[in-house]
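Counting begins at 1 with the first residue of the sequence. Both ligands and their constituent atoms are indexed starting at 1 by order of listing.
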Amino acid sequence: MSVFTPLARPELETFLAPYGLGRLLDFQGIAAGSENTNFFISLEQGEFVLTLVERGPVQEMPFFIELLDVLHDADLPVPYALRTTDGVALRELAGKPALLQPRLAGKHIKQANAQHCAQVGELLAHLHLATKDNMIKRKTDRGLDWMQEEGAKLLTHLDTEPRRLLEAALDEIAQQKVKILALPRANIHADLFRDNAMFEGTHLTGLIDFYNACSGPMLYDVAIALNDWCSDDNGVLDGPRTRALLGAYAALRPFTAAEAESWPTMLRVACVRFWLSRLIAAESFAGQDVLIHDPMEFQQRLAQRQTVSAMLPFAL
Ligand SMILES: Nc1ncnc2c1ncn2[C@@H]1O[C@H](COP(=O)(O)OP(=O)(O)O)[C@@H](O)[C@H]1O
Ligand SMILES: N[C@@H](CCOP(=O)(O)O)C(=O)O
């Protein structure tokens, strides 16, 4: 489980009172998630999620709150910080920054099909279109510099084969960095995995967990999503799901020629990002009661992305 900070009913009741949403009926810690403490909260006036921010860029909470307001105002299905009757969005509980958000309907899906992937592509394009002309600047703390720095440190922890794979990827990042950073930018989710989307049947009801969101190349966001939504169990990209996600995205925001050229590199960079963060998490949380994702999954995906056959549909 990942409830890092347990809460007692009286402190919750005191915290929730200023929202004016009625009495606390029930609350339950959420086991899923690996970064923050989350609770499902039932109040007389509805269902909510309380998040205590445990790690990561705590000082940048105003960015996340502003971005979610922008996306909510653009009618995208995202949570957003509710305000107390005095208008306060970011509060503190048990010494941690705390937010109350509406609970989105739906649940995560494990097995994605082409219909799910098309909706993910469409929503991702809407997210980028809603922010690309008024991007709220935030440099990611897990960008190319971070990959180069952490990757170099981790090389010595790896066996020969994965070390060669990572070395080649780090060399490519060094060579392609300028090109990657010059690609078209917007605010990006940067972690659009299956466990950050909610579905009712094949209908995408929401996107959650914006704590990796930043300003960055839109193509990077597409590559991150594709690597999770469209990989098979061997890390190979599945044709129908890949075409569905890319086609739905490009129908709303056509890719540029520069993006098409950088596509194979971007798929590899997106693998490196999560291979490294999972290796680091596996080392730092070993033996603890924290959800750790398997680093091997991204090692395997990176190995499979050495040759990329899926072309990016782009506007001429
Ligand atoms: N607004 C929300 N609506 C519905 N469920 C949510 C919402 N926010 C979080 N959850 C639930 O909590 C779980 C963990 O949330 P997440 O933001 O992914 O945590 P973490 O930041 O720790 O990874 C999600 O998998 C989801 O089930
Ligand atoms: N979706 C990621 C976890 C989130 O990344 P992090 O760097 O914020 O831990 C994964 O599956 O690895």
(message) Counting only nitrogen or oxygen atoms and a 3.5 angstrom limit, does I208 reach ligand 1?
(response) no
(message) Heavy atoms only, cut-off 4.0 Å: how does N36 contact ligand 1, side chain, backbone, both, or neither?
(response) both
(request) Give a yes/no on ligand 1: does H108 have at least one heavy atom closer than 4.0 angstrom to it? (result) yes
(request) Within a distance under 4.0 Å of any heavy atom of F40, pick out the atoms of ligand 1 and give their elements. (result) 5 (N)
(message) Please identify which of these residues, Q28, E47, R23, meets the side chain to side chain donor-acceptor pair (under 3.5 Å) condition with S42.
(response) E47
(message) Below 30° counts as parallel, above 60° as perpendicular, anything between as tilted: where do the rings of F193 and F298 land?
(response) tilted
(message) Let me confirm one number: the CG-CG distance from L219 to L226, rounded to the nearest 0.5 Å.
(response) 10.0 Å
(request) Work out whether the distance between some heavy atom of F48 and some atom of ligand 1 is less than 4.0 Å. (result) no
(request) May I ask you to check if ligand 1 and M198 share an N or O to N or O distance below 3.5 Å? (result) no
(request) Mind checking the OG1-OH spacing from T84 to Y19? Nearest 0.5 Å is all I need. (result) 6.5 Å
(request) Please indicate whether any nitrogen or oxygen in R103 is less than 3.5 Å from any nitrogen or oxygen in ligand 1. (result) no
(request) Check the side chains of S215 and K139 for a donor-acceptor pair under 3.5 angstrom, ignoring hydrogens and angles. (result) no
(request) Using a strict 4.0 Å cut-off to heavy atoms of H293, name the atoms of ligand 2 that fall inside it. (result) 10 (C), 11 (O), 12 (O)
(message) I'd like to know if the side chain of T202 reaches the main chain of H116, judged simply by a donor and an acceptor atom lying under 3.5 Å from each other, with no hydrogens or angles considered.
(response) no
(request) Show which atoms of ligand 1 fall inside a sub-4.0 Å distance from at least one heavy-atom site of N196. (result) 18 (O)
(request) For T51 and Q101, test the side chains for any donor-to-acceptor distance below 3.5 angstrom and give the result as yes or no. (result) no
(request) Please determine if Y211 has a nitrogen or oxygen closer than 3.5 Å to a nitrogen or oxygen of ligand 1. (result) no
(request) Output yes when a side-chain donor or acceptor of H128 lies under 3.5 Å from a complementary backbone atom of I188, and no otherwise. (result) no
(request) Using the six-membered ring of F15, assess whether NZ or CZ of R91 lies under 6.0 Å from its centre and within 45 degrees of the ring axis. (result) yes
(message) How far is atom 9 (O) of ligand 2 from the closest protein heavy atom, and which atom is that?
(response) E35 OE2, 3.0 Å
(message) Could you identify the single nearest non-hydrogen protein atom to atom 8 (O) of ligand 2 and state the distance to 0.1 Å?
(response) N212 ND2, 3.0 Å
(message) Under a 3.5 Å cutoff, is there a donor and acceptor pairing between the side chains of E54 and T37?
(response) yes
(request) May I ask you to check whether Q101 has an N/O atom sitting below 3.5 Å from an N/O atom of ligand 1? (result) no
(request) Find all atoms of ligand 2 within a distance of less than 4.0 Å from any non-hydrogen atom belonging to S277, and give their numbers and elements. (result) 7 (O)
(request) Can you pull out the closest protein heavy atom to atom 1 (N) of ligand 2? Residue, atom name and distance to 0.1 Å, please. (result) D191 OD1, 2.6 Å
(request) State yes or no: do V120 and L129 share one hydrophobic cluster built from I, L, V, M, F, W and Y residues joined by side-chain heavy-atom distances below 4.5 Å, directly or via other members? (result) no
(message) Regarding R164 and T160, do their side chains bring together a donor and an acceptor under 3.5 Å, going by distance alone?
(response) no
(request) Indicate, as side chain, backbone, both or neither, the part of D195 found under 4.0 angstrom from ligand 2 when only non-hydrogen atoms are considered. (result) neither
(message) Can you report which non-hydrogen protein atom sits closest to atom 6 (P) of ligand 2, along with the distance?
(response) R142 NH1, 3.2 Å
(message) Check contact between P102 and ligand 1, using heavy atoms of the residue and a distance below 4.0 angstrom.
(response) yes
(request) Check each atom of ligand 2 against the heavy atoms of R278 and keep those under 4.0 Å away; list them by number with element. (result) 10 (C), 11 (O), 12 (O)
(request) Please state which part of L104 comes within less than 4.0 Å of ligand 1, counting heavy atoms only: side chain, backbone, both or neither. (result) both
(message) Can a side-chain donor-acceptor contact be found between N227 and R305 if the only test is distance below 3.5 angstrom?
(response) yes
(request) Report the part of R273 (side chain from C-beta onward, or backbone N, CA, C, O) that has a heavy atom under 4.0 Å from ligand 2; answer both or neither where that applies. (result) side chain
(message) Taking 4.0 angstrom as the limit and counting only heavy atoms of I30, give me the atoms of ligand 1 inside it, by number and element.
(response) 11 (C), 12 (O), 13 (C)
